[in-house]
K.L.:
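One structure, pasted below without further comment.
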Protein chains: 2
Amino acid sequence: MPRPREFDEERVVAAIRQVFWDKGYAATSVDDLMRASGLGKGSLYGAFGDKHQLFLRVLREYNDTNDRMLRERLASVPQAIDFVREFAHGPSRDSTGASAQRGCLLANSTAELATSMPDVAAEARRSYDATAGILTEAIERAQCEGDVDPGVDAGEVAYAVLAAQLGVVALGRTGMGVEALASAAESALTRLLPSPGR
Amino acid sequence: MPRPREFDEERVVAAIRQVFWDKGYAATSVDDLMRASGLGKGSLYGAFGDKHQLFLRVLREYNDTNDRMLRERLASVPQAIDFVREFAHGPSRDSTGASAQRGCLLANSTAELATSMPDVAAEARRSYDATAGILTEAIERAQCEGDVDPGVDAGEVAYAVLAAQLGVVALGRTGMGVEALASAAESALTRLLPSPGR
DNA sequence: CGCGTTGCTGACCAGTCAGGCCAGAATTCA
DNA sequence: TGAATTCTGGCCTGACTGGTCAGCAACGCG
């Protein structure tokens, strides 16, 4: 009975995510979102609510996707520690450094909005806690398998690893070279996760 | 012969820094700056140029002050390593967590603006490099005095320490408790800067 | 073939934005 | 005192903001 949607919701959200990611929340106008999504203002507001709700939706999907990807990778790779290393290199996986400079949508958003938008701060905290949880499991598994010194407190170190990774991402936003970023990440990781044969 | 300034430039810059710090760049209107500084639009534009120039000036002074403070502390304290530890706790030095949640003006600005304002990215990189340099010296001194394992590459570890600190500050913006932040920072620091007796 | 329900479109709103401008006040020197 | 100069703060502009809404279009059901 109703007229069906003419747009692919997923594609729209993806397009809008790119804009928020590149420009930040406040600097993104609804006009930008209209142009990126190809939708009219009415459609946008009808489907997603206002700018704030739309942003939160984008952010939540981004976080969920990241968490899912992280969990999948850590479950399938026997040497979880290797992935944790790779993970700590953050977004600097391409050699151009372009994606490294783009940074992380969650980290950027939190830095910009945590003060003025409590729900963004809460979402960030939820996501970081989830990441730390996944990391903790991976580290514990690595300890069982003898890849990490069993003497360290996995939960505590997980937050330290998360912080180091966040810091590397933050440094990446300045346009620092990917080699320097990788070196800092590698240096942090090898010390935060000492192998048992030390 | 000219009419002298009626306002204290330093106080004005300080007031404006607070606004930018709390609200971010894009969300701060020139009206906000006028109200915070008590100046009219003409005075503001005459003395500092447009919003962008004003922001850059605030950011540069903020960074210079931080660098100077860091250098002073590290020069006067015999056990540099202790201060590095303290430094890594970042802005979480009050128990309320309010300043921890406010974060760091430089980190916030970089996350918000690095993509769209290359001069902000450049200033951030300059400041981070300066911080890393200061840290490197402090770590080397600590190595000479036997407080840090002389086997580690001070320059490399300095960036790892900087990253860890930046990450802790980023976590702090989510409203995470100061104890958790301090624990993560402490955990990162003791592992990044191992004492030689081990 | 209507009819009800929903989606789409674009015009429109009041409010805010950054920035330019200027008349007059304030200050100094001659 | 008068001339020169600069500061000051309000006013103006016109572009843009996020958001609303009335009217039209497309669909399935009866």
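Order of the sequence lines fixes the chain letters, A, B, ..., with proteins taken first and strands second; residue numbering starts at 1 for each chain.
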K.L.:
Can you list the residues that meet the salt bridge (charged side-chain N to carboxylate O under 4.0 Å, His left out) rule with B/Glu140, with sequence neighbours excluded?
P.N.:
none

K.L.:
If only side-chain N and O atoms of A/Ser29 are considered, is one of them under 4.0 Å from the OP1 or OP2 phosphate oxygen of D/dT17?
P.N.:
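Yes, because at least one side-chain N or O of A/Ser29 sits under 4.0 Å from OP1 or OP2 of D/dT17.
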
K.L.:
Would you please name every residue forming a side chain to side chain contact (heavy atoms under 4.5 Å, CB included) with A/Ala124, sequence neighbours left out?
P.N.:
A/Leu106, A/Thr110, A/Tyr128, B/Thr174

K.L.:
Nearest whole angstrom, please: distance from the P of C/dG7 to the CZ of A/Phe48.
P.N.:
12 Å

K.L.:
What I want to find out is whether A/Arg57 reaches A/Glu61 closely enough, with some N-O distance under 4.0 Å, to be called a salt bridge.
P.N.:
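Salt bridge present between A/Arg57 and A/Glu61.
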
K.L.:
Short of 4.0 Å, heavy atom to strand atom, which residues of residues 108-123 of chain B count as contacting DNA chain C?
P.N.:
none

K.L.:
To the nearest Å, how far apart are A/Leu44 CG and D/dT20 P?
P.N.:
13 Å

K.L.:
Between B/Gly40 and A/Asp32, which residue's closest nucleotide on DNA chain D lies nearer the 5′ terminus?
P.N.:
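First, find each residue's nearest nucleotide; the 5'-ward one identifies B/Gly40.
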
K.L.:
Any residue in residues 11-27 of chain A with a heavy atom nearer than 4.0 angstrom to DNA chain C? Just list them by number, or reply none.
P.N.:
none

K.L.:
Among all residues two or more places apart in sequence or in another chain, which pass the side-chain hydrogen bond (donor to acceptor under 3.5 Å, both in side chains) test with A/Asp31?
P.N.:
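Applying side-chain hydrogen bond (donor to acceptor under 3.5 Å, both in side chains) to A/Asp31 gives A/Arg35.
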
K.L.:
For the pair made of CG in A/Leu39 and C1' in C/dT6, what is the distance, rounded to whole Å?
P.N.:
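The distance from CG of A/Leu39 to C1' of C/dT6 comes to 16 Å, rounded to the nearest Å.
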
K.L.:
I need the full list of salt bridge (charged side-chain N to carboxylate O under 4.0 Å, His left out) pairs touching residues 17-29 of chain A, with sequence neighbours left out, sorted by first then second residue.
P.N.:
A/Asp22-A/Arg102, A/Lys23-A/Asp32

K.L.:
Among residues at least two apart in sequence or on other chains, which ones pass side chain to side chain contact (heavy atoms under 4.5 Å, CB included) with A/Asp129?
P.N.:
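A/Asp129 satisfies side chain to side chain contact (heavy atoms under 4.5 Å, CB included) with A/Arg125, A/Tyr159, B/Met176 only.
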
K.L.:
Between P on D/dC16 and CG on A/Leu33, what's the gap in Å once rounded to a whole number?
P.N.:
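A/Leu33 atom CG is separated from D/dC16 atom P by 16 Å.
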
K.L.:
List, with names and distances, any nitrogen or oxygen atoms from the protein found under 3.5 Å away from nitrogen or oxygen atoms belonging to nucleotides 19-23 of chain C.
P.N.:
unit_1: C/dG19; atom_1: OP2; unit_2: B/Tyr45; atom_2: OH; d: 3.1
unit_1: C/dG19; atom_1: OP2; unit_2: B/Lys51; atom_2: N; d: 3.4
unit_1: C/dG19; atom_1: N7; unit_2: B/Lys41; atom_2: NZ; d: 2.8
unit_1: C/dG19; atom_1: O6; unit_2: B/Lys41; atom_2: NZ; d: 2.5

K.L.:
C/dG10 P sits how many Å from A/Asp31 CG, rounded?
P.N.:
13 Å

K.L.:
Quick one: B/Met34 CE to C/dA18 C1', roughly how many Å, whole number?
P.N.:
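Going from CE in B/Met34 over to C1' in C/dA18 covers 11 Å.
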
K.L.:
Residues two or more places apart in sequence or in another chain: which of them pass side-chain hydrogen bond (donor to acceptor under 3.5 Å, both in side chains) with A/Ser43?
P.N.:
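With neighbours one apart ignored, the set is empty.
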
K.L.:
Can you classify the ring geometry of A/Phe20 versus A/Tyr25 as parallel (below 30°), tilted (30 to 60°) or perpendicular (above 60°)?
P.N.:
parallel

K.L.:
What residues form a side chain to side chain contact (heavy atoms under 4.5 Å, CB included) with B/Asp50, not counting sequence neighbours?
P.N.:
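Result, side chain to side chain contact (heavy atoms under 4.5 Å, CB included) vs B/Asp50: B/Tyr45, B/His52, B/Gln53.
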
K.L.:
Residues in salt bridge (charged side-chain N to carboxylate O under 4.0 Å, His left out) with A/Glu123, at least two apart?
P.N.:
A/Arg60, A/Arg126

K.L.:
Just jot down the side chain to side chain contact (heavy atoms under 4.5 Å, CB included) partners of B/Thr190, sequence neighbours excluded, or say none.
P.N.:
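B/Arg85, B/Glu186.
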
